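In what follows, a single structure is set out as C-alpha cells and then discussed.
Bear in mind the structure is a predicted one, so any value in this text is a computation, not a measurement.
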Amino acid sequence: MKSNYFFAFMLCLLLSCKNNSQSKLKPTATEDIGNLLFSKDDLSKTKAAALRYADYFNLHKDGFLSIHFTLDKPLIESLQALAPTLSKEELLRKGNFQFSYTVDGALLYEENLNTGAGSKSFKTEQLNLSIPLVTPERIDWWGWYMWKRFMKLHGGQDALTEGKHNLSIDVKPYVNDGSLKLGPSLAKGTISVEVPKIPIDEKLVLVQKIQANSGWEISKDYFDKSKIEALNRKIAEGRFEDINGIVVIKNNQLLVEEYFNGASRASLHNPRSVGKTIASTMLGIAIEEDFITNEHALLKDFYDLKSYKNYSTKKDAVTLKSLLTMTSGFDGDDSDYSNPGNEENMYPTDNWVKFGLDLPMHEDKIIGKDYTYFTAGAVLLGDIIHKSVPGGLVSYADKKLFAPLNITNYQWQYTPQKVGNTAGGIQLRAVDFAKYGQLYKNKGKWNGKQILTPSWVEKSLAKQVSQSYAGMEDGYYGYLFWNRVYTVNGSDYEVSFCTGNGGNKIFVFKNIPFVIVITASAYGMPYAHSNVDRMMTHYILPAILPKK
C-alpha cells in the first residue's frame with residue numbers, strides 16, 4: 001500500500017505540472033548549479049512554488065533530498081527523436097529516462113529507468129518534474145528505490161566516505177529496441193555532499209570473545225582479527241545494515257562468532273527461504289528409510305491431480321526432483337509479481353497445497369530443465385513428506401535431524417493446514433544453523449552417526465540445473481541448494497549455500513574447510529544479498545583464508 005507521503009507528493013506534483021506552459025524552475029538558494037536542481041524540503045508539506053533549492057546535503061543529518069528539472073518538451077518527443085519508426089505505445093514500452101550518478105568525477109551508476117516507472121502522462125505531458133530520492137521513512141516511489149540501488153548496490157555508499165564530495169546527476173532519454181539508444185542530456189546538476197564521521201561505540205568494533213557452551217569445540221587457528229574488526233566497524237556504522245550474526249566454522253571447530261544489533265547466541269533467527277532446504281534434507285532421510293521411493297517419484301503418486309484446477313497430462317510428469325530443482329514446469333515465478341503462481345498470491349489463501357496444485361503448467365517450460373524460483377513447489381514437498389513419514393514432518397524432523405544434531409531450541413512456522421512450513425521461516429540459533437551446514441560439509445555424518453547418505457549430500461550440493469540471480473550470472477542449483485564461486489585475491493572458491501530474504505546464508509565451501517553462517521534481517525531490501533557478497537569477498541574470506 002502506498003504511503004500518505006506518496007499521495008501528498010503526487011498531489012504536489014500534479015499541481016506543479018498542471019500547466020505545461022508555466023515558467024521553469026528557478027533556484028532560490030544558489031545559482032549556476034545546472035538545470036537539475038536539488039531540494040532538502042519535504043515534498044509532502046511544501047508546495048512546488050515554495051521549494052528552496054540547495055547546493056549542499058549532509059548525508060547523515062538531512063532527512064530529505066529530491067531533484068527537480070524542467071524539460072523543453074515532454075519525454076515522449078525525445079524518445080521519438082531516438083526511434084522515429086516506433087509508435088507512441090512502442091516508445092512507452094521501450095524507453096524512459098536514464099539517470100547517471102557521478103561522485104567526484106567518477107561515473108558510478110547508470111540506471112535505465114524501468115519502462116513501467118512513471119505514468120503515461122508523466123512521459124507524454126509533464127515538463128516540470130520533481131523526484132524524491134531520500135526520505136526518513138521508506139516510500140513506495142521509484143526514485144527512492146533508485147537512490148537505494150545507487151547507494152547500496154552500485155558504489156555510492158563506498159564512494160561517499162567521510163569528508164566532502166561532489167555528486168552529479170545527469171538525465172538523458174533512452175530507447176532500447178534491441179540496441180540501446182541514448183539521447184543528449186536533458187538535465188544535469190551537482191550538489192556538494194558532506195559525510196560526517198559516524199560516532200560509534202568502539203567496543204562494538206572489537207572481535208567478540210567466544211563464550212563457553214556453544215556446542216562446538218573452539219578453534220585455536222589464526223585468523224586476521226583486523227579484517228573482522230574492520231567489518232564490525234562497517235556494521236556499527238550502518239554500511240552493512242541489519243546484520244544480526246556471523247558464525248565461521250573451520251574443520252568442525254568454531255572460529256568466529258559475532259552478534260550485532262541486539263542479537264545474541266540465544267537469539268532464534270528467521271532465515272526465510274533458508275528453511276526451504278530443510279525439505280530437501282528430510283526428503284533424503286525419508287527416501288533412505290523407504291517411506292518415499294526416490295526423488296524420481298511423480299507428483300501424481302501423492303495427489304489426484306485431476307481433482308484440481310488446470311489439469312493437464314503435462315502435470316502428470318512433474319517429479320519430486322523437479323520440485324527440488326525448481327524445474328517443475330508450473331506457471332509459478334516468485335520473481336514476477338504479476339505471475340499467478342507468485343508466492344505473495346499463495347500466502348493469503350487458506351490452503352497452500354491446493355494453491356500450488358491448482359496452478360496451470362507453463363506451456364514453454366521443460367520439466368527438469370527450465371529453472372524458475374517457485375516457493376509453492378517447496379510447500380508441496382513439505383506436504384508430501386508430512387503425509388509419508390510417521391508422525392508427520394515436524395515430529396520426524398525432530399527425531400531424525402534436530403535431535404541427532406543436539407538442536408533443541410528452534411521454532412517452526414506452519415501452513416494453514418498445520419504442516420511445518422517448508423516455504424521457509426524455521427527459526428534456529430546461528431550456531432545451530434552452522435551445525436546444519438557442517439552436516440553437509442561432513443557428507444551427512446555428525447558425531448560418527450550417518451544422518452544423511454553421502455550420495456544424497458552429493459546430489460543436493462551438485463550443479464543440477466543452470467540458473468542465475470542478481471550479482472551472479474553463471475550460477476547453478478542443486479536440491480534446494482544454490483551454487484556459486486567467490487573470487488578473492490585472484491583465487492576462486494566454489495560454494496554451495498542456502499539463502500533467504502534479508503541476506504540470510506549458510507555457506508558450505510567445497511575445497512576449503514569452512515562453513516559460514518550469516519543471519520540478517522534486511523527483509524525486502526534490494527541491498528540485502530549484495531551486502532553479504534561484499535562482506536564475504538572483502539572481509540570474511542580474506543580474514544580466514546591462509547596468507548599466500
Can you see whether Asp331 engages Asn339 through a side-chain donor-acceptor pair at a distance of less than 3.5 angstrom? yes

Give me each pair satisfying ring pair (Phe, Tyr, Trp, His ring centres under 6.0 Å) with a member in residues 231-259, each pair once, sequence neighbours excluded. Phe240-Tyr539

Of all the heavy-atom pairs spanning Lys400 and Ile451, show the shortest one and how long it is. O-CG2, 3.4 Å

Would you tell me whether Asn504 and Thr519 have side-chain atoms, one donor and one acceptor, within less than 3.5 Å of each other? no

Side chains of Gln208 and Glu257, heavy atoms from C-beta outward: is any pair under 4.5 Å? no

Can you confirm whether more than 12 heavy atoms, excluding those of Glu344, are under 6.0 Å from its CD atom? yes

I want to check something: taking the side chain as every heavy atom from C-beta on, are Val457 and Leu461 in contact at a cut-off of under 4.5 Å? yes

Without hydrogens or angle criteria, can the side chains of Tyr373 and Lys276 be said to hold a donor-acceptor pair below 3.5 Å? yes

Heavy atoms only: give me the nearest Thr161-Val195 pair and the separation to one decimal. O-CB, 3.1 Å

Using side-chain heavy atoms (C-beta onward) and a distance below 4.5 Å, is Gln450 in contact with Pro454? yes

When you compare the side chains of Glu194 and Tyr56, does any donor N or O come within less than 3.5 Å of an acceptor on the partner? yes

Could you pull out every donor-acceptor pair under 3.5 Å between side chains of residues 387-398 and any protein atom, sequence neighbours left out?
unit_1: Lys387; atom_1: NZ; unit_2: Phe302; atom_2: O; d: 3.3
unit_1: Ser388; atom_1: OG; unit_2: Ile384; atom_2: O; d: 2.6
unit_1: Tyr396; atom_1: OH; unit_2: Glu289; atom_2: OE1; d: 2.6
unit_1: Asp398; atom_1: OD1; unit_2: Tyr410; atom_2: OH; d: 2.5

Side chains of Lys250 and Ser219: do they bring a donor and an acceptor to under 3.5 Å? no

Please find the pair of heavy atoms, one from Pro404 and one from Lys399, that lie closest to each other, and give the distance. CD-O, 3.3 Å

Go through Phe497 and Phe507 one step at a time and tell me if the ring-ring contact (aromatic ring centres under 6.0 Å, His included) criterion holds. CA-CA 4 Å; Phe497 61 103; Phe507 293 106; 5.5 Å; yes

Answer yes or no for Arg429 and Phe433: cation-pi contact, defined as NZ/CZ to six-membered ring centre under 6.0 Å and angle to ring axis within 45°. no

Output, in order, the C-alpha distance, side-chain angles, deciding distance and verdict of side-chain hydrogen bond (donor to acceptor under 3.5 Å, both in side chains) for Tyr436 and Thr277. CA-CA 10 Å; Tyr436 180 73; Thr277 314; 5.0 Å; no

Applying side-chain hydrogen bond (donor to acceptor under 3.5 Å, both in side chains) to Ser491 and Asn489, what does each step give before you reach the verdict? CA-CA 6 Å; Ser491 296; Asn489 296 327; over 6 Å; no

Once rounded to the nearest 0.5 Å, what's the spacing between atom CD of Gln413 and atom CG of Asn421? 5.5 Å

Where the side chain of Asn442 meets the backbone of Gly444, is there a donor-acceptor pair that is under 3.5 Å apart? no

Please walk me through it: do Arg138 and Tyr145 pass side-chain hydrogen bond (donor to acceptor under 3.5 Å, both in side chains)? CA-CA 9 Å; Arg138 177 175 176 170; Tyr145 287 100; 3.3 Å; yes

Atom of Gly524, atom of Asn501 and distance for their closest heavy-atom approach: N-OD1, 2.9 Å

Establish, from distance only, whether the side-chain atoms of Ser335 and Asp333 form a donor-acceptor pair under 3.5 Å. yes

Min side-chain heavy-atom separation Tyr479-Lys459 under 4.5 Å: yes

d(Ser66 OG, Ile131 CD1) to nearest 0.5 Å is 9.5 Å

Rounded to the nearest 0.5 angstrom, the CZ-OH distance for Arg484 and Tyr476 is 13.5 Å

Just say parallel, tilted or perpendicular for the rings of Phe150 and Tyr101, cut-offs at 30° and 60°. parallel

Between Asp383 and Lys354, is the closest basic N to carboxylate O distance under 4.0 Å? no

Which value, rounded to the nearest 0.5 Å, describes the distance between Ile218 atom CD1 and Gln253 atom CD? 9.5 Å

Are any non-hydrogen side-chain atoms of Thr537 and Tyr486 less than 4.5 angstrom apart? yes

Do any N or O atoms from the side chain of Trp456 and from the backbone of Ser280 form a donor-acceptor pair under 3.5 angstrom? yes

Just by modelled atom types, is the Tyr371 backbone N or O under 3.5 Å from a matching donor or acceptor in the Thr327 side chain? no

Do the non-hydrogen side-chain atoms of Met326 and Val465 ever get within less than 4.5 Å of each other? no

Heavy-atom side-chain contact between Val248 and Phe514 under 4.5 Å: yes

Under the 3.5 angstrom rule, does the side chain of Ser267 hit a backbone N or O of His269 as a donor-acceptor pair? no

Under 3.5 Å, side chain of Asp62 to main-chain N/O of Phe64, donor-acceptor pair present? no

Under a plain distance cut-off of 3.5 Å, with no hydrogens placed, do Lys227 and His538 share a side-chain donor-acceptor pair? no

Is it true that atom CG of Asp492 has more than 12 heavy atoms of other residues, nucleotides or ligands lying nearer than 6.0 Å? yes

Give a yes-or-no answer on whether the side chains of Asp336 and Asn342 include a donor-acceptor pair shorter than 3.5 Å. no

Could you walk me through whether Asn213 and Arg265 pass side-chain hydrogen bond (donor to acceptor under 3.5 Å, both in side chains), step by step? CA-CA 10 Å; Asn213 302 315; Arg265 179 186 288 169; over 6 Å; no

Minimal heavy-atom distance between Ile139 and Pro132, with the atoms involved, is CD1-CG, 4.1 Å

Starting from the C-alpha separation in whole Å, work towards a yes-or-no answer on ring-ring contact (aromatic ring centres under 6.0 Å, His included) for Tyr440 and Phe481. CA-CA 11 Å; Tyr440 279 84; Phe481 274 92; 4.8 Å; yes

